[in-house]
Amino acid sequence: MPRHPPALSPPVATARPPAMAVDNLRIAQVFEEIADLLELEGANPFRIRAYRNAARTVRNQQLSFAERIASGIALPKLPGIGHDLSEKIDEIVRTGDCALLQRLQREVPGGLSELLHLPGIGPKRVRQLYQELGVESLATLQKALTDGRVRQLSGFGPRLIERLQHAMGAKASTERRYLLPQAAAQAEPLLDYLRGLAKVETAVIAGSYRRRRDTVGDLDILLRADPQDSRVMASALRYPSIERVMAAGPTRASLRLYGGMQVDLRVVAAASFGAALQYFTGSKAHGIALRRRARAQGCKLNEYGLYRNGKQLAGRQEADIYQALGLPWIPPELREDSGEIAAAEHGKLPRLIELDDLRGDLHCHTRASDGHNSLREMAMAAQQRGWQYLAITEHSRRLSIAHGLDADRLLRQLDEIDRLNDELQSLTLLKGIEVDILADGTLDMPDTLLARLDIVVGAVHSHFNLPVQQQTQRIRRAMDSRYFTILAHPTGRLLQEREGYPLDIEAIIEHAQQRGCFLELNAQPQRLDLNDHYCRQAKAQGVLVSIASDAHRTTDFDLLGYGIDQARRGWLEAGDALNSRTLAQLQQLLHQSR
Ligand code: DGT
Ligand code: CA
Ligand code: CA
């Protein structure tokens, strides 16, 4: 596999004051981040210092490491940069990334690295927050700030706390979007508070949060109460986690929470509440299409109701609006103006899949690779959910950063699975692997081993930067293995972090269809991959989707709800999911795919 050094800027011919090479900055940044994460993990201080010193050395170098490497010139001897670190420099220059950094990022709970970027706190304090208060994300830090727990920590004085609160607020730039659980962490306590207010009959959330978009820009909350009563909004605005009120009148307010989230709040009378809910749930495009339909029927639709000749036909209940327009109620997840109104009109709305339709999970890890619970604990938790099956899919050897399994360790696990299966009552453990798809499309495990498994989940964990044709070909080749079952997180995107790698996803879906294999909807909130749109394409091609938790601990099975959200947005019905099948049906499908 040829490697692709990053494109270099043309050499500068004229004599200028030596500018710092941009690639060096990237290298230094990787080293800094490694040092930070090592420190978070409580690693050996000498090792941490080595990376910090190396970062400084690299940053201060005027020669460009990338240019040197591209032209095959050996790197000069630099103080503090020994063999190991020079190899890392080489790796960063050639791949744009660093396996050690990737490993550390995976090991450290997701939101902690985000906390590192807050002013005033470094790894030591983040570690303290995590260990003493369980803070592991901006949202949980926000909570701990609001309820005063941070104040009790040693070393967190009033000035630091103020700085933190300020920084959290500043993060609420208009472009900032939140993952669904991040949004939930801010929305749910607020809803609880609002619902508890004396004058408020109910509080509901509309907008993209209700439509379950994979990311949420702001929260749109409706209060059913008397719009004439100014005490309603006044009491709502006493919510303790409000950082700033940008605008406020008796029936609407716009504010920002300490967690950074912006909130649009509206007080709506009961007679209009359904219409307001319909309007503010959106999407905008769906609303426009619905209003067009209303006009065509001689009506007028707005956030107060559906009117004909000034008389309100509907407004109290959301479903009444749809009904008055000759439509069944349309689930919020479908309201994107992508054919749902026509489908509703013709009685062709899908019967969207629900969490309870799942009969098992086909992607999870135990302590044997990078999970946190034992095989038995994972099995018991799955059984307790009433599932029929759970596939154990550890990483393969190549992903040594995640303690991937070699043949011996895999075989030992298979024996353990046999023993547990004898013991388990209603659950069957399936034997699987999350095997690395290598750069050339071969799988990181010999066929003799793969043949002993029920499920082979293939995943790309490296070489994200291949040209689109090559990446597509690589994955198609992997799918050609007779043992290949499911393509894990097919596009490799990480929300708020990176786009998916360039990939001809249509070709992959088609190939899956031809090969009789399956695509995953990875339910990790940062992945949600396949996304809603591609789920719909898979369905159109008759490719079944495995809605998978990729659980690394028993509680991660709860993440499946986020997968179901996106599956619903992708119009999937129970029958479109691989893991809604009974064990017998699943086994037959697995058999056929070989
Ligand atoms: P977000 O917040 O960016 O994740 O997405 P949404 O869908 O929550 O959008 P947002 O918060 O701007 O507005 C909430 C809903 O209000 C939106 O889905 C539809 C409705 N809405 C807002 N602005 C307009 C508009 O200009 N025209 C129409 N028809 N509806 C609007
Ligand atoms: Ca919104
Ligand atoms: Ca809004």
Side-chain angles (χ1 to χ4, degrees), residues 138-139 171-188 190-191 194 203-224 233 236-237 239 242-249 251-257 259-268 272-296 299-307 314-315 318 321-322 325 327 329-338 340-341 495-496 525-526 528 531-533 562 565-566 568-569:
L138 286 171
K171 278 191 164 289
S173 83
T174 43
E175 288 125 87
R176 167 113 209 246
R177 299 188 66 82
Y178 296 80
L179 300 179
L180 278 167
Q182 296 172 332
Q186 304 200 47
E188 298 303 332
L190 173 56
L191 285 168
L194 295 170
V204 300
I205 188 153
S208 53
Y209 187 85
R210 183 169 182 233
R211 301 198 312 280
R212 309 308 287 163
R213 257 193 77 176
D214 50 18
T215 59
V216 170
D218 72 356
L219 303 177
D220 305 280
I221 294 180
L222 306 178
L223 304 180
R224 196 169 77 205
M233 191 57 93
L237 294 181
Y239 183 56
I242 294 176
E243 190 227 6
R244 234 189 100 188
V245 176
M246 272 85 76
T251 61
R252 46 190 304 180
S254 181
L255 49 92
R256 191 165 69 206
L257 303 177
M261 181 72 93
Q262 300 220 15
V263 183
D264 285 334
L265 212 54
R266 282 183 180 76
V267 179
V268 182
S272 290
F273 197 72
L277 182 56
Q278 197 291 315
Y279 182 92
F280 291 110
T281 295
S283 67
K284 190 170 161 179
H286 174 86
I288 290 171
L290 204 64
R291 250 170 300 154
R292 198 181 310 121
R293 183 180 175 87
R295 258 200 312 281
C299 299
K300 188 174 168 227
L301 176 63
N302 59 30
E303 63 262 51
Y304 299 100
L306 179 70
Y307 298 88
E318 187 182 59
I321 307 264
Y322 287 96
L325 292 170
L327 299 171
W329 179 80
I330 299 177
E333 295 93 328
L334 298 183
R335 300 185 196 172
E336 299 291 345
D337 191 25
S338 58
E340 71 279 9
I341 294 179
L495 287 164
Q496 298 175 330
Q526 210 189 355
L528 300 176
N531 68 17
D532 45 7
H533 179 71
Y562 297 110
D565 289 337
Q566 299 311 306
R568 290 167 63 88
R569 288 178 55 82

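Because the structure is predicted, anything quoted here is derived from the model rather than measured. Atoms within each ligand, like the ligands themselves, are counted from 1 in listed order. Along the sequence shown, residues are numbered consecutively beginning with 1.
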Who are the salt bridge (Lys or Arg N to Asp or Glu O under 4.0 Å) partners of [X], not counting sequence neighbours?
{"X": "Asp214", "answer": "Arg493"}
{"X": "Asp264", "answer": "none"}
{"X": "Asp220", "answer": "none"}

Under 4.0 Å, heavy atoms only, figure out whether ligand 1 is touched by the backbone of [X], its side chain, both or neither.
{"X": "Asp218", "value": "both"}
{"X": "Tyr279", "value": "both"}
{"X": "Ser208", "value": "both"}

Practice item. State the count of protein N/O/S atoms located less than 3.0 Å away from the Ca ion (ligand 3). Key: 4
Practice item. Using a strict 4.0 Å cut-off to heavy atoms of Phe280, name the atoms of ligand 1 that fall inside it. Key: 14 (C), 15 (C), 16 (O)
Check your understanding: Just checking, Arg213 and Tyr209: is the charged tip under 6.0 Å from the six-membered ring centre and within 45° of the axis?
Key ->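 No, Arg213 and Tyr209 do not form such a contact.
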Exercise for review: Looking only at distances, please establish whether an N/O atom of ligand 1 is found under 3.5 Å from an N/O atom of Arg177.
Suggested key: yes
Exercise for review: Using non-hydrogen atoms of the residue, decide whether Asp264 is closer than 4.0 angstrom to ligand 1.
Suggested key: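 No.
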Check your understanding: Under the salt bridge (charged side-chain N to carboxylate O under 4.0 Å, His left out) criterion, do Glu318 and Arg335 qualify, and how do the steps go?
Key -> CA-CA 13 Å; Glu318 187 182 59; Arg335 300 185 196 172; 2.9 Å; yes
